[in-house]
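Here is how names work: the chains are called A, B, and so on, in the same order as the sequence lines, proteins then strands, and each is numbered from 1.
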There are 2 protein chains.
Amino acid sequence: MTATASARRKESRTAAIAAELGAAIVAGVYRPDELVPGEVELSHRYGASRTVVREAFKLLSAKGLIASRKRSGTRARPREAWHMLDADVLAWRLKSGQAEPKFVFDLLHVRAIVEPAAAAMAARSHTAATLAAIETAFADMECAGHDAVLFADPDIRFHKAILAATDNDVMMAFGALTEAALGVFVRVASRHAGAPAPSVPLHRAVLDAIRRRDAEAAHAAMMALLDRTARNVERNVGRPRASRRAAKPSK
Amino acid sequence: MTATASARRKESRTAAIAAELGAAIVAGVYRPDELVPGEVELSHRYGASRTVVREAFKLLSAKGLIASRKRSGTRARPREAWHMLDADVLAWRLKSGQAEPKFVFDLLHVRAIVEPAAAAMAARSHTAATLAAIETAFADMECAGHDAVLFADPDIRFHKAILAATDNDVMMAFGALTEAALGVFVRVASRHAGAPAPSVPLHRAVLDAIRRRDAEAAHAAMMALLDRTARNVERNVGRPRASRRAAKPSK
DNA sequence: GCGCTCTTATATGTCTGACATATCGTCCAG
DNA sequence: CTGGACGATATGTCAGACATATAAGAGCGC
């Protein structure tokens with residue numbers, strides 16, 4: 001576990017160390033506000049220079065995972081400080097064994113809030129160019145047909161193109177969320193169920209509504225699409241467990 | 001402009017350089033995929049070592065603002081790659097002169113999507129502890145009364161407490177957005193209009209709805225609150241300008 | 001014993017200079 | 001004109017050193 005997939009590709013040492021440390025933090029290896037090993041110790045442990053460890057620390061601190069203070073050392077930050085929509089944080093959190101089914105449903109829930117609204121905005125604000133991007137992605141989805149893996153790439157492009165068509169810079173930030181969620185779905189789907197083809201009509205409904213600038217229909221169609229996804233994941237992963245909180249909502 | 005507010009406090013050199021470079025990038029000083037000055041040149045320009053510049057680069061690359069490749073150099077990334085919900089990115093973008101009224105309205109628009117939904121979730125999922133946090137923030141708001149500056153802190157805490165009460169980790173990521181938007185509002189309000197007191201009843205409506213677990217009412221109340229904020233900003237800042245896009249929506 | 005100041009050890013922050021490595025241009029040979 | 005060799009260049013990594021803030025303990029007066 002000390003040297004996991006550090007040499008998976010042409011990843012720089014800095015990135016590799018950041019990935020391993022980041023994954024450990026989001027996996028809960030270090031409690032909130034607990035000290036992580038010092039720079040010198042980590043540099044020895046990884047056989048790298050202190051420079052590299054420090055640069056990895058900077059990457060992680062920019063993502064809200066750690067904070068350094070002189071003399072005190074570097075501490076893992078509590079979960080509410082993590083940048084949950086950062087692509088790396090999402091990936092590390094989802095990769096760390098799927099010990100967190102609740103997190104998957106939290107993601108789906110946020111998507112169910114954001115993406116229908118995005119579809120509605122796209123219906124109102126799309127241009128020829130941004131609409132074309134959505135249409136291209138959809139066409140590629142149709143071609144990909146029944147292969148769940150091939151299907152994933154145009155699927156992600158489809159949803160990202162809708163975000164881009166909203167003409168709202170902030171909306172783009174949700175691309176990482178969609179991408180991470182779709183990635184999970186692919187892994188789940190490849191273990192269990194059949195072809196992704198049944199979702200094509202649902203995507204088509206979204207595209208059609210956007211094309212004719214029908215914001216309400218776009219909202220509804222996207223909601224339906226995400227509902228299907230949620231039910232699919234629910235069936236394959238199991239219902240979300242009880243909250244991690246001490247006190248549970250009295251319902 | 002070369003050495004702006006670099007010594008504003010006890011900011012490390014790394015952070016100061018990252019802040020200045022980051023602000024320059026979001027301000028559009030460097031076009032998308034344009035080279036930023038090399039590490040050695042910047043280290044000379046700032047009178048710092050290359051180490052510090054590199055660590056600043058790591059901070060910025062973790063926020064999606066730049067990307068480095070060997071031999072090629074380091075390039076500013078296009079806007080769609082920026083992590084728009086990162087607190088620093090938001091701050092730099094809003095601080096850079098308010099040359100971007102459209103961005104302020106983009107923020108408000110996203111808040112209008114996320115926060116009502118968050119209020120509804122909080123109504124369903126809050127616990128004794130998370131509800132107490134909301135109530136405390138609200139009480140402090142009432143005390144702050146008519147001072148727009150004093151009002152801002154409990155206001156931010158109020159909205160963040162609602163996000164925390166959703167019992168959804170991903171929701172916490174929107175705290176930075178709320179905080180940034182409220183900061184803008186304070187600056188706008190201090191230049192123009194009167195006391196923030198009129199918004200107290202609107203906040204109270206949100207709190208009451210959450211307390212009695214009425215999700216729909218909480219959604220509506222939060223929407224009303226944000227509507228008021230939006231109209232306020234609109235009145236003081238002016239309507240959003242036309243899109244920056246080449247082709248405009250045909251309407 | 002209790003509280004205060006002063007010292008000291010420690011971990012991060014910064015600097016320097018060097019070498020490694022990938023890659024973009026260019027140039028030359030076929 | 002094509003394709004491969006080669007050097008220049010900017011980032012990536014390394015090593016060792018010093019600076020600085022500060023938590024923790026030592027010492028001291030009360």
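Expressed to the nearest 0.5 Å, how far CG of B:Asp106 lies from CG of A:Asp167 amounts to 7.0 Å. Interatomic distance, B:Thr74 OG1 to B:Leu21 CG, rounded to the nearest 0.5 Å: 10.0 Å.
Put simply, CG on B:Leu35 is 12 Å from P on C:dC24, counting in whole angstrom units. A straight line from CZ of B:Arg75 to P of C:dT23 spans 14 Å, rounded to a whole angstrom. Atoms CD (A:Glu11) and C1' (C:dA22) sit 17 Å apart, rounded to a whole Å. A:Arg13 has its CZ atom 14 Å from the P atom of D:dG12, to the nearest Å.
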Checklist entry - Along nucleotides 6-12 of chain C, 5' to 3', which nucleotides get a B, which get an S, and which get a -, given that the test is a protein heavy-atom distance under 4.0 Å? => result ---BBBB
Show which side-chain atoms of residues 53-61 of chain A pair as donor or acceptor with protein atoms under 3.5 Å away, not counting sequence neighbours.
{"unit_1": "A:Arg54", "atom_1": "NE", "unit_2": "B:Glu55", "atom_2": "OE2", "d": "2.9"}
{"unit_1": "A:Arg54", "atom_1": "NH1", "unit_2": "A:Glu39", "atom_2": "OE2", "d": "2.8"}
{"unit_1": "A:Arg54", "atom_1": "NH2", "unit_2": "B:Glu55", "atom_2": "OE1", "d": "3.2"}
{"unit_1": "A:Glu55", "atom_1": "OE1", "unit_2": "B:Arg54", "atom_2": "NH2", "d": "3.2"}
{"unit_1": "A:Glu55", "atom_1": "OE2", "unit_2": "B:Arg54", "atom_2": "NE", "d": "2.9"}
{"unit_1": "A:Ser61", "atom_1": "OG", "unit_2": "A:Lys58", "atom_2": "O", "d": "3.2"}

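The closest donor-acceptor contact from the side chain of A:Trp82 to the backbone of A:Arg77 lies under 3.5 Å.
With a 4.5 Å cut-off on side-chain heavy atoms, B:Val184 and B:Val233 do not count as touching.
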Item to check | From CA spacing to verdict: side chain to side chain contact (heavy atoms under 4.5 Å, CB included), A:Leu182, A:Arg111 | outcome: CA-CA 11 Å; A:Leu182 269 285; A:Arg111 280 189 78 193; 3.3 Å; yes
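When distances are taken from the side chain of A:Ser49 to each of D:dC14, D:dG12, C:dT16, the shortest belongs to D:dC14.
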